[in-house]
Number of protein chains: 2
Amino acid sequence: MTSEKVIGRLSLYRRLLKSQQALGQSHIYSHDLASLAGNTAAQVRRDLMGIGFSGSPARGYDIGSLIEAICRFLDPPVPQPIVLVGLGNLGRALLAYFPRRRPHLTIVGAFDVDPAKVGRVVMGCRCYAWEDMERIVSETGVEVAVLAVPASEAPAAAIRLVRAGVRGLLNFAPAPLPVPEHVHVENIDLTMSLEKVAFFARRGSAAVAG
Amino acid sequence: MTSEKVIGRLSLYRRLLKSQQALGQSHIYSHDLASLAGNTAAQVRRDLMGIGFSGSPARGYDIGSLIEAICRFLDPPVPQPIVLVGLGNLGRALLAYFPRRRPHLTIVGAFDVDPAKVGRVVMGCRCYAWEDMERIVSETGVEVAVLAVPASEAPAAAIRLVRAGVRGLLNFAPAPLPVPEHVHVENIDLTMSLEKVAFFARRGSAAVAG
DNA sequence: GGGGTATTGTGAATAAAGTCACAGCGTTAT
DNA sequence: ATAACGCTGTGACTTTATTCACAATACCCC
């Protein structure tokens, strides 16, 4: 009932709600949230039903308490540290992209094979030695890693991370990761996405995908 | 029958097949391709059925002709030019990531609001003036754009691109794009993906998503 | 206060995606 | 030759995801 897709949409709803809140709105209808999120009112209502949140027929949903409810549901009870593996162009862009200190998800360090990068602080994030990865990850209890290394390095890095206790990987390398059942892998395959867009741009198709 | 997801998997199959080919293999079984792709043999067979490709019961699929068949299906008949909009950290990383000259999809230029970047060549790609976007895009017949601008700029940029003839957008900005029906938008929402991974890392769930 | 209105919450229906399972067949071994 | 094997191609089925549609509800206006 709380599948992969629902989690993604809840995260999206939260961000949209925050931006509406910043605009001064206090309530929102399923219909309006749906049009911001690019889906249907029925889906919004069902998703919110899934986390047990109720609105009022007259005012819709209270934005403040809805954000709070989504946070309670999505966020870890205690802040969750994350590491970035690979400080190439993409790794640096990701550091710049993610706010230095998200409330509950913080990138606490980076690793790179290049010894020249070790010890340096890039975008406010310190780079540690490649060999120390297992030790640091397991000592600090990191359970989520972002993999931004070349495809050839990705499988080996994933194995090392999993051995050190990682249970979730955000993988930008176009390579299958040989991880055990209990590890969640989210692949972001840029080439695939670009090819999909190019394909559908030629067809007259309308779609919005996460 | 040839849905969004199938297209994504075909693109993935092609890459996996190419790498197997580079390793010297000439044939592959649905079972083996599935394990590379992280799905099931039945799904591989059904996907290939969708593009009308047949293998042999004894040898499986001929890798060379399968790649060719996927190319015929996925690739544009004539090379397709692409523009990158936004030359910040992420834009530069994307230029570095995509091979300078993919066979059928080539990034032919970039745009940025920053006048200091205009005229420069970054990662082998020339940056043009922000104001010239409509003109250049429509004159060169570009139909696909990669949006790597801040969320606040994305909707306006999307509108301008669509007006200039763009029919497909790869959008990295966490903002809904107000585009007409016929324009295909593929959203890559990094924050959402990271939150999903963090969420499932705490559960004991196994999944692979594109 | 009472009727009208617009919205929520949700069971039921529909659609989409993925899996099963088996007939058919080329290959190989005997 | 012929039998046995293991794969593909595919109809039927299962599961998952989404939409429909409507009763229940809170509010507003008169």
Side-chain angles (χ1 to χ4, degrees), chain A residues 1-13 17 20 25-66 69-70 73 192 196 200 203 205-210, chain B residues 1-13 17 20 25-66 69-70 73 192 196 200 203 205-210:
Chain A
M1 199 256 302
T2 310
S3 71
E4 179 118 5
K5 296 201 171 173
V6 177
I7 300 302
R9 286 195 301 261
L10 287 172
S11 162
L12 173 62
Y13 297 158
L17 289 166
Q20 290 304 295
Q25 288 201 22
S26 72
H27 291 78
I28 194 168
Y29 295 123
S30 61
H31 175 78
D32 296 324
L33 181 50
S35 97
L36 289 174
N39 59 11
T40 67
Q43 182 151 67
V44 167
R45 293 203 299 271
R46 191 163 288 284
D47 287 342
L48 298 191
M49 194 175 80
I51 63 168
F53 188 84
S54 283
S56 126
R59 303 181 189 281
Y61 299 97
D62 180 280
I63 292 181
S65 39
L66 178 47
I70 295 178
F73 186 82
M192 191 190 88
K196 269 170 74 173
F200 285 110
R203 302 250 182 296
S205 160
V208 177
Chain B
M1 199 255 304
T2 310
S3 71
E4 180 119 2
K5 298 203 169 172
V6 177
I7 300 303
R9 286 196 300 263
L10 287 172
S11 162
L12 173 63
Y13 297 157
L17 289 166
Q20 290 306 297
Q25 287 200 21
S26 73
H27 290 78
I28 194 168
Y29 294 124
S30 62
H31 174 78
D32 296 323
L33 181 50
S35 97
L36 290 174
N39 58 11
T40 67
Q43 182 151 68
V44 167
R45 294 202 298 273
R46 192 162 288 281
D47 287 341
L48 299 191
M49 194 176 79
I51 63 169
F53 188 84
S54 284
S56 125
R59 306 182 186 280
Y61 300 98
D62 179 280
I63 292 182
S65 39
L66 179 47
I70 296 178
F73 186 81
M192 191 190 87
K196 268 170 75 173
F200 285 110
R203 303 252 183 292
S205 160
V208 178

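So that the names make sense, note that chain A is the first sequence line, chain B the second, and so on, each numbered from 1.
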Would you indicate whether the side-chain heavy atoms of [Y] and [X] approach each other to under 4.5 Å?
X       : Y       : value
Q43(B)  : R9(B)   : yes
L36(B)  : L12(B)  : no
K196(B) : M192(B) : yes

Please state how far atom [atom1] in [X] lies from atom [atom2] in [N], giving the value in whole angstrom units.
X      : N       : atom1 : atom2 : result
R59(A) : dT25(D) : CZ    : P     : 18 Å
R45(B) : dC7(D)  : CZ    : P     : 10 Å
D47(B) : dG9(D)  : CG    : P     : 12 Å
D62(B) : dT8(D)  : CG    : P     : 13 Å
M49(B) : dT8(D)  : CE    : C1'   : 11 Å
Q43(A) : dT18(D) : CD    : P     : 5 Å

Closest contact, heavy atoms only, [X] versus [Y]:
X      : Y      : value
D32(B) : I28(B) : CB-CG1, 3.8 Å
I63(A) : L17(A) : CG2-O, 3.7 Å
A34(A) : A41(A) : CB-N, 3.5 Å

Hey, is the main chain of L66(A) close enough, under 3.5 Å, to the side chain of Y13(A) for a donor-acceptor pair? no

Any donor-acceptor N/O pair, Y61(A) side chain to F53(A) backbone, under 3.5 Å: no

The first and last nucleotides of DNA chain C lying within contact of chain B, meaning any atom under 4.0 Å from one of its heavy atoms, run from dA17(C) to dT27(C)

Name the residue closer to the 5' end of DNA chain D, choosing between N39(A) and A58(A) according to the nucleotide with the nearest heavy atom. N39(A)

Roughly how far, to the nearest 0.5 Å, is CG of L33(A) from OG1 of T40(A)? 11.0 Å

S56(A) OG to H27(A) NE2 distance, which is reported to the nearest 0.5 Å: 7.0 Å

The helix from dG1(C)-dC30(D) to dT30(C)-dA1(D): angle between end helix axes, five pairs per end, rounded to 10 degrees: 10°

Indicate whether OP1 or OP2 belonging to dG9(D) is found under 4.0 Å from a side-chain N or O atom of S54(B). yes

What nucleotide among dT18(D), dT10(D), dT8(D) has an atom nearest to a side-chain atom of R46(B)? dT10(D)

Both K5(A) and A42(A) contact DNA chain C. Which one's nearest nucleotide lies toward the 5' end? A42(A)

Strand contacts (DNA chain C) in residues 26-35 of chain A, 4.0 angstrom heavy-atom criterion: Y29(A), S30(A)

Testing the 3.5 Å rule here: is there a donor-acceptor pair between the side chains of S65(A) and D62(A)? yes

